[in-house]
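Have a look at the structure below, then the notes.
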Protein chains: 2
Amino acid sequence: MIDPTSKVPLYHQVYETLRGGILRGEWEPGALLPAEPELISQYKVSRITIRQALDLLSGEGLIIRQRGRGTFVAAPSLEQAMVRIVSFTQDMEQRGLRASTEVLAADRIPAPPHIAQKLNVEPGEELVYLERLRLADGTPLAIEEAHLLHRFCPGLLKANLQNQSLRNHLDRKYGIRWSRAKQVIRAIQAAPEIARHLEVPTGDPLLHIERVSYSQQNVPVEFLRVYYRGDRYSLFNELQA
Amino acid sequence: MIDPTSKVPLYHQVYETLRGGILRGEWEPGALLPAEPELISQYKVSRITIRQALDLLSGEGLIIRQRGRGTFVAAPSLEQAMVRIVSFTQDMEQRGLRASTEVLAADRIPAPPHIAQKLNVEPGEELVYLERLRLADGTPLAIEEAHLLHRFCPGLLKANLQNQSLRNHLDRKYGIRWSRAKQVIRAIQAAPEIARHLEVPTGDPLLHIERVSYSQQNVPVEFLRVYYRGDRYSLFNELQA
DNA sequence: TAGTGGTCTAGACCACAAA
DNA sequence: TTGTGGTCTAGACCACTAA
């Protein structure tokens, strides 16, 4: 499973392997991971290398290590929505809600200047514009306006995005996976159009997030605007000294 | 400087020492830290131990390591406000604004049930209540309502908190330092009283943060509510895949 | 007592940056 | 070429947990 001749560091290969297993759900939350000596013989690397991989997982909050007991898979937490790129569906699951989606608009548009700038392309570059209403337990919770660089995902509009996650589709059809994203969080008033879709009065407070997502090649590919109903959505995080 | 007989791990002592130096500003942002071999001879520990300390600092974003060049002190970023416990003054500095404060209320009150619960004490326990208007470049930006457990900071109300940071005062007089904090971020409407102080219309959107801060003994000591003007304040952060 | 993760060491080779 | 940080090893002792 681990390739010692690869240019990817061994500890990172171990990390990716374990991380994949955890995210794919091969171990339930709370499950005991193999002990360090077992991982050593399984992957044929030294203890320090194994521990380097576990350190990464622990730093991400994916595992919990307890001296004398073992290493456990952590339960996904609400705080992950502020640290990790999480899909709407995953986010809702963690909150104990059922997610559904309604596509409001799907078009090809030329990039307006301010969006072109965030995506680091020329104004007028062709974008895929996707506007979706996100519901939690059947009630409107958020509106997402995605702007994707068309040249990275031609033909995306032909896909059925009502029932299929955009994230999976980008991965499977175009090989696009996010590596990281930067976002800005604000409180704003609901514009009439948005308010109507979210079924709140115009002017109600919304939690607004603007996010630029970068592909694994570290290229900005998506500019996303999300409007969450202020009365139904909040963010959690933990700060360090 | 490093005590090998201490029960605190060596790497953590090195980490604390370097971290303190960086936070106290002994190195300017962008400054070159001593190279690893130098730290080894300086602290008389092995390279792995030094690197363990540097890994922590790097994970916090306090340093940037570049192969072949060296290790540099990172410039404080706006994103730190979402990862680290940052004072209002520090936050404003990073945004290029001048911070000032007006004390609106300072009292001793019995803990209301919902606050008592967050602080893990009985309702009625005595609290120090401190309401402050925070200004940026002379204009109202936020209102902070702090609730502190009185028994940890008796006599706090006698202090001059107009010109002195609460954080420094708690540290110097009571030995209270925050180790971590949990917070919830929401978008809400400005209530009339808050709106008046912030000089915005009632009902305007505010970014609202509720935070419980834990002392180094891991005891919740402060419950804080902050109301930021939505038009003048936003949060930044970076997400990982 | 046996097994777990936590800490620490000395030493090695590598890739990258700068002079 | 020199010095930097990046990776990796084998081996050791310790503290904690659970049986």
Side-chain angles (χ1 to χ4, degrees), chain A residues 1-19 21-22 27 29-74 179 218, chain B residues 1-19 21-22 27 29-74 179 218:
Chain A
M1 251 179 183
I2 300 298
D3 174 12
T5 69
S6 159
K7 60 176 175 28
V8 177
L10 298 182
Y11 77 89
H12 210 270
Q13 295 183 44
V14 174
Y15 158 75
E16 285 173 359
T17 305
L18 292 173
R19 188 171 189 275
I22 293 171
W27 291 282
L32 190 59
L33 281 184
E36 293 179 7
E38 200 169 329
L39 294 171
I40 291 167
S41 63
Q42 189 172 336
Y43 295 122
K44 312 288 184 207
V45 295
S46 76
R47 182 165 177 224
I48 286 194
T49 303
I50 291 292
R51 286 184 60 79
Q52 221 170 338
L54 294 176
D55 282 346
L56 284 175
L57 293 169
S58 170
E60 288 189 12
L62 285 176
I63 62 171
I64 293 166
R65 293 196 274 182
Q66 286 179 262
R67 172 154 46 183
R69 302 227 303 135
T71 301
F72 302 86
V73 177
S179 63
N218 214 25
Chain B
M1 249 178 184
I2 301 298
D3 174 12
T5 69
S6 160
K7 59 175 175 31
V8 177
L10 298 183
Y11 78 90
H12 209 269
Q13 295 183 45
V14 174
Y15 158 75
E16 284 172 359
T17 305
L18 292 173
R19 187 170 189 275
I22 292 171
W27 292 283
L32 190 59
L33 282 183
E36 294 179 6
E38 200 169 330
L39 293 171
I40 291 167
S41 64
Q42 188 173 334
Y43 294 122
K44 312 286 183 206
V45 296
S46 76
R47 183 164 176 225
I48 287 194
T49 304
I50 291 291
R51 286 185 59 79
Q52 220 171 339
L54 294 176
D55 282 345
L56 284 176
L57 294 170
S58 169
E60 287 189 12
L62 285 177
I63 62 171
I64 292 167
R65 294 196 274 185
Q66 285 179 264
R67 171 154 45 183
R69 303 226 303 134
T71 300
F72 301 87
V73 176
S179 63
N218 213 25

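Lettering follows sequence order; numbering is per chain, from 1. Not measured: the values here are computed from a predicted model.
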B:Ile64 atom CD1 is separated from D:dG6 atom P, nearest whole Å, by 12 Å
From CD of B:Gln66 across to C1' of C:dC16 the rounded distance in Å is 11 Å
A:Asp55 atom CG is separated from D:dC8 atom P, nearest whole Å, by 13 Å
What residues 32-53 of chain A contributes to the DNA chain D interface at heavy-atom separation below 4.0 Å is A:Val45, A:Ser46, A:Arg47, A:Ile48, A:Thr49
Would you confirm whether B:Glu36, through its side chain, and B:Arg51, through its main-chain N or O, come within 3.5 Å as a donor-acceptor pair? no
For A:Val45 and A:Val14 the tightest heavy-atom approach is CG2-CG2, 4.4 Å
The answer to which of A:Val8 and B:Arg69 contacts DNA chain D further toward the 5' end, by nearest nucleotide, is B:Arg69
B:Pro29 and B:Ala74 have their tightest heavy-atom pair at CB-O, 4.0 Å
Between B:Ala53 and B:Tyr11, the two heavy atoms sitting closest are CB-O, 3.4 Å
In short, B:Leu56 meets B:His12 closest at the heavy-atom pair CD1-CD2, 4.4 Å
A:Leu54 CG to C:dT4 P, in whole Å, measures 13 Å
Sorted by number, residues from residues 11-19 of chain B placing a heavy atom under 4.0 Å from DNA chain D are none
Between A:Leu57 and A:Leu54, does a side-chain contact (heavy atoms from CB on, under 4.5 Å) hold up when you go through it step by step?
-> CA-CA 5 Å; A:Leu57 293 169; A:Leu54 294 176; 4.3 Å; yes
Atom CZ of B:Arg67 and atom P of D:dG5 are separated, to the nearest Å, by 12 Å
Only one of B:Asp55, B:Leu18, B:Leu39 passes side-chain contact (heavy atoms from CB on, under 4.5 Å) with B:Ile50, and that residue is B:Leu39
Next item on the list: Describe the nucleic acid contact of B:Leu10 in one word from base, sugar-phosphate, nothing, applying a heavy-atom distance below 4.0 Å.
Entry: sugar-phosphate
Rounded to whole Å, CG of B:Asp3 lies from P of C:dC8 at a distance of 12 Å
Rounded to whole Å, NZ of B:Lys7 lies from P of C:dG6 at a distance of 18 Å
Taken to the nearest whole Å, CG/A:Leu56 to P/D:dG6 is 13 Å
Derivation of the side-chain contact (heavy atoms from CB on, under 4.5 Å) call for B:Thr49 and B:Tyr43
CA-CA 10 Å; B:Thr49 304; B:Tyr43 294 122; over 6 Å; no
Could you check B:Leu10 against B:Gln13 for side-chain contact (heavy atoms from CB on, under 4.5 Å), going step by step and ending with a plain yes or no?
CA-CA 5 Å; B:Leu10 298 183; B:Gln13 295 183 45; 4.1 Å; yes
